[in-house]
Amino acid sequence: MTIREIVQGIFNYHPDLGDRRHPDVMVGGDPDVECTGVLVSIAPTVPVIRHAIEIGANFIFVHEPTFFSAYDDECEWLEGNPVYEEKLALLRDNGIVVFRDHDHIHAHKPDGIFHYLIKQMGWEDYVVPNTREQEIVLPETTLGELVLDIKKKMYLEHIRYIGNLDAKVSKIGFCGHLLPGPHTNWSTNDQVARSWKYDVVIPGETVDWTVPLYYRDAAMLGKNKGMIIPGHFVQEEAGMRWAHEWLRPLVDADIPISFAAAGDMFRYM
């Protein structure tokens, strides 16, 4: 079974996005060779690529980009950059193909990332209907207990948070980004306004002086408000950690499928 055949099976499994521009493309080696193994991860970091080489897998299946921007098939802006060229050479010299499944997996019903994130957290029974599995109402707990639970279930040694650890919380809002909008170079005011309905917001990325500052001030004023920031890769990694459940039937039984955590990209002193 070739890598291209596996990728076509993935496209067939997901909803058809039609002619819409999307970033779900292959880069690296030749996709028409026989697949020797599938390595699943959130992103094709250099350590993940090196792990694929070590285990003899020539197909890396990921959710996030290889080359630092939305579209891995538009890399002219990186020509001459040594990091880009060395990373591309690492893939090509070892015959490794990377396929990014981003828009298609999010378009799946249920969402192939957040569905498994909720499953990993054990919150399936607490999802608010019709919210794309991003709004959760838990039995009342404290912010501190929630921080420790997320830290454990996302396999983290450290985690950032804002708020009073004794605050009573229940209503949780997941969001992929709290970042600049398409028409501004700063976060929009409606992000702050929309966040108020939650006791705790768990974003992928943040701009510090917008929603994080709002939640910090709310906590300092005695409100039961908090923010937990595991990081975008860590938060969405659960969707790929569990991807074998639907990927395994699409791949010949003799082709091994394994998972490698990219982990928290930051280090702490």
Could you walk me through whether Ile255 and Thr36 pass the side chain to side chain contact (heavy atoms under 4.5 Å, CB included) test, one step at a time?
CA-CA 6 Å; Ile255 298 175; Thr36 60; over 6 Å; no
Given Asp264 and Leu156, is the side chain to side chain contact (heavy atoms under 4.5 Å, CB included) satisfied, shown in steps?
CA-CA 7 Å; Asp264 189 348; Leu156 289 169; 4.1 Å; yes
Val38 vs Leu247, test: side chain to side chain contact (heavy atoms under 4.5 Å, CB included). Steps then yes/no.
CA-CA 10 Å; Val38 182; Leu247 185 62; 4.2 Å; yes
Could you walk me through whether Met154 and Glu237 pass the side chain to side chain contact (heavy atoms under 4.5 Å, CB included) test, one step at a time?
CA-CA 9 Å; Met154 292 190 182; Glu237 188 171 71; over 6 Å; no
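Using bins of under 30°, 30° to 60° and over 60° for the plane-to-plane angle, the ring pair Tyr13/Trp246 lands in the parallel bin. Under the 30°/60° scheme for interplanar angles, the aromatic rings of His22 and His104 are found to stand perpendicular. Using cut-offs of 30° and 60° for the angle between ring planes, the Phe59 and Phe61 rings count as tilted. The aromatic rings of His14 and His108 lie perpendicular to each other, with more than 60° between the two planes, well past the 30° mark.
Gln8 and Asn12 form a side-chain donor-acceptor contact under 3.5 Å, judged by distance and modelled atom types alone.
Under 4.0 Å is where a charged nitrogen must lie from a carboxylate oxygen, and between Glu64 and Arg100 at least one such pair does. For Lys171 and Glu135, the salt-bridge test passes: some basic side-chain N is under 4.0 Å from an acidic carboxylate O. For the pair Arg21 and Asp103, the salt-bridge criterion is not met [side-chain N within less than 4.0 Å of a carboxylate O].
Residues Pro31 and Thr2 form no side-chain contact, since every pair of their non-hydrogen atoms from C-beta on lies 4.5 Å or further apart. The shortest side-chain heavy-atom distance between Ile172 and Leu146 falls under the 4.5 Å cut-off. Using a 4.5 Å heavy-atom cutoff, the side chains of His244 and Phe259 are not in contact. Looking at heavy atoms from C-beta onward, Ile229 lies out of side-chain contact with Ile202 at the 4.5 angstrom threshold. Considering only heavy atoms from C-beta on, Met227 stays 4.5 Å or farther from Arg160 through its side chain. Using a 4.5 Å heavy-atom cutoff, the side chains of Ile228 and Ile159 are in contact.
In the hydrophobic clustering of this structure, Ile257 groups with Val33; members are Ile, Leu, Val, Met, Phe, Trp, Tyr whose side-chain heavy atoms approach within less than 4.5 Å, directly or through other members. Under the 4.5 Å side-chain heavy-atom criterion for grouping Ile, Leu, Val, Met, Phe, Trp and Tyr, Val251 is connected to Phe99 within one hydrophobic cluster. Taken together through direct or relayed side-chain contacts under 4.5 Å among Ile, Leu, Val, Met, Phe, Trp and Tyr, Leu143 and Leu148 form parts of separate hydrophobic clusters. Note on Ile42: it clusters hydrophobically with Phe266, by side-chain heavy-atom contacts below 4.5 Å among ILVMFWY residues. In the hydrophobic clustering of this structure, Ile53 groups with Val27; members are Ile, Leu, Val, Met, Phe, Trp, Tyr whose side-chain heavy atoms approach within less than 4.5 Å, directly or through other members.
Expressed to the nearest 0.5 Å, how far CG of Asp252 lies from SG of Cys35 amounts to 9.0 Å. Rounding to the nearest 0.5 Å gives a distance of 7.0 Å between OH of Tyr126 and CG of Leu138. Note that the CD1 atom of Ile118 and the CG atom of Asp125 stand 11.5 Å from one another [nearest 0.5 Å]. With values rounded to the nearest 0.5 angstrom, Leu117 atom CG is found 9.0 Å from Ile113 atom CD1. Here the NE2 atom belonging to His102 is positioned 6.0 Å from the CD atom belonging to Glu236, to the nearest 0.5 angstrom. Atoms CG and NZ, on Asp199 and Lys168 in that order, are 12.5 Å from each other to the nearest 0.5 Å.
Checked by atom type and distance alone, the side chain of Asp101 pairs as donor or acceptor with a backbone atom of Ile105 at under 3.5 Å. In terms of modelled atom types and a separation under 3.5 Å, the side chain of Asn58 and the main chain of Glu34 share a donor-acceptor contact. A side-chain donor-acceptor contact under 3.5 Å links Glu145 to the backbone of Thr142. Between the side chain of Glu85 and the backbone N or O of Gly80, at least one donor-acceptor pair lies under 3.5 Å. Side-chain atoms of Lys225 do not come within 3.5 Å of backbone N or O of Tyr215 as any donor-acceptor pair. Using modelled atom types, no side-chain atom of Ser41 and backbone atom of Pro44 make a donor-acceptor pair closer than 3.5 Å. In this structure, Lys151 contributes its side chain and Glu157 its backbone to a donor-acceptor pair below 3.5 Å. Formation of a donor-acceptor pair under 3.5 Å by the Trp123 side chain with backbone atoms of Gln120 is not found in this model.
When every heavy atom of Phe67 is checked against every heavy atom of Leu78, the shortest pair comes out as O-CD1, 3.6 Å. Taking each heavy atom of Ala43 and Val62 in turn, the nearest pair found is C-CG1, 3.7 Å. The nearest pair of heavy atoms linking Pro212 to Val207 is CD-O, 3.3 Å. Shortest non-hydrogen contact noted between Tyr116 and Ala238 is CB-O, 3.7 Å. Of all heavy-atom pairs spanning Ile96 and Ala52, the tightest one is CD1-CB, 4.1 Å. Scanning both residues, Leu91 and Gly28, for their nearest heavy atoms gives CB-CA, 4.1 Å.
The side chain to side chain contact (heavy atoms under 4.5 Å, CB included) with Phe11 is formed by just one residue from the set Leu17, Ile6, Asp16, Asp24; it is Asp24.
Surrounding OH of Tyr161 are at most 12 heavy atoms belonging to other residues, nucleotides or ligands under 6.0 Å away. The environment of Arg248 atom CZ is dense: over 12 non-hydrogen atoms of other residues, nucleotides or ligands sit within 6.0 angstrom. The neighbour count for Tyr268 OH, taken as heavy atoms of other residues, nucleotides or ligands under 6.0 Å away, is above 12.
For the pair Lys223 and Trp196, the cation-pi test (distance below 6.0 Å, angle within 45°) is failed.
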